[in-house]
2 protein chains.
Amino acid sequence: MRIGQLARRSGVSVRALRYYEEQRLLESARTPGGQRDYPDEALERVQLIQDLFAAGLSSRTVVELLPCVSTGVATPAMLDQLITERDRIAARIQDLTRAKTKLGRVIENVTAANVARD
Amino acid sequence: MRIGQLARRSGVSVRALRYYEEQRLLESARTPGGQRDYPDEALERVQLIQDLFAAGLSSRTVVELLPCVSTGVATPAMLDQLITERDRIAARIQDLTRAKTKLGRVIENVTAANVARD
DNA sequence: CCTCAACCTGACGTAAACGTGAGGTACGAG
DNA sequence: CTCGTACCTCACGTTTACGTCAGGTTGAGG
């Protein structure tokens, strides 16, 4: 599969895929002419990368954790980092939940005020 | 209250407070000599700003929504935006929850493998 | 009056994850 | 063989929320 097709299937840009390779998050074979040629598994890989990015992990962290995420084998240090990241995500969820509640109350207030005025 | 004290109380940097003012998120009176002088309510204001930033809102969005968040009065457009932001946060929470679950499974796998090996 | 920490205004630096050309090459269709 | 589209490698631009000097001013204590 070439880069354009992988981009369309995964929903990320061509530029992003090249960036992932630059960051050693994603490998590619090359055609004799030098064009990237991806195996089918690359699609899942890209989706995994996106998930980890979406979780707020940096590309540096992702490149460190990807091996054990896909192989299931980890050093103690990697396990530590996994746990740290999971806890960071949990804390972030708490923050967002608080903010959401706050906004929800503002919306209720505003709505109530508008209804009262009508 | 001067800027250093507000910074210590709120836990944000002096630079950040000046930045908030630049972005029209925060006002200050000035002493005859030109130094910033904040009322006590500034502390809550700063904490509110931090909460909204933590929720992923940009300073542009915050400056648009702050009036109705503090006054409870909103135009229909502002209400729309409030709802949009709340939904965005909710979606983000979903993403993070999925990512956390994923990482949790990886941690379980790794732990199980290590225990088995011992 | 002197000092010195705290404050002031520019103004340039930073990091992350790409976006966006510029200028040239590869490949499938006809 | 030729066309057009997809691809290639630089390499600079973008955005946000500040960090970090530089060079000068203010204000409370002694």
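Reminder, nothing fancy here: chain letters follow the sequence lines and each chain counts from 1. Remember, it's a predicted structure, so these values are computed and weren't measured experimentally.
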Of the non-hydrogen atoms in [X] and [Y], which two are nearest, and what is the gap between them?
X	Y	answer
Ser59(B)	Tyr19(B)	OG-OH, 4.3 Å
Ala54(B)	Arg92(A)	O-NH1, 2.8 Å
Val73(B)	Cys68(B)	O-CB, 2.8 Å

Going 5' to 3' through nucleotides 15-29 of chain C, assign each nucleotide B (protein heavy atom under 4.0 Å from a base atom), S (under 4.0 Å only from sugar-phosphate atoms) or - (no protein heavy atom that close). --BBBB-----SS--
Does Arg88(B) come within less than 4.0 Å of Glu85(B), counting only side-chain N to carboxylate O? yes
Salt bridge or not between Glu64(A) and Arg60(A)? Use side-chain N to carboxylate O under 4.0 Å. yes
Calculate the interatomic distance between [X] atom [atom1] and [N] atom [atom2]; express it in whole Å.
X	N	atom1	atom2	result
Arg18(B)	dT20(D)	CZ	C1'	12 Å
Tyr38(A)	dA6(D)	OH	P	16 Å
Arg30(A)	dC8(D)	CZ	P	6 Å
Leu6(A)	dA6(D)	CG	C1'	14 Å
Ile3(A)	dC8(D)	CD1	C1'	10 Å
Asp37(A)	dC8(D)	CG	P	10 Å
Arg8(B)	dA5(C)	CZ	P	14 Å

Grouping I, L, V, M, F, W and Y whenever their side-chain heavy atoms are under 4.5 Å apart, do Val62(A) and Met78(A) come out in a common cluster? no
Would you classify Arg36(B) as touching base, sugar-phosphate or nothing, given that sugar-phosphate means primed atoms plus P, OP1 and OP2, and contacts are heavy atoms under 4.0 Å? sugar-phosphate
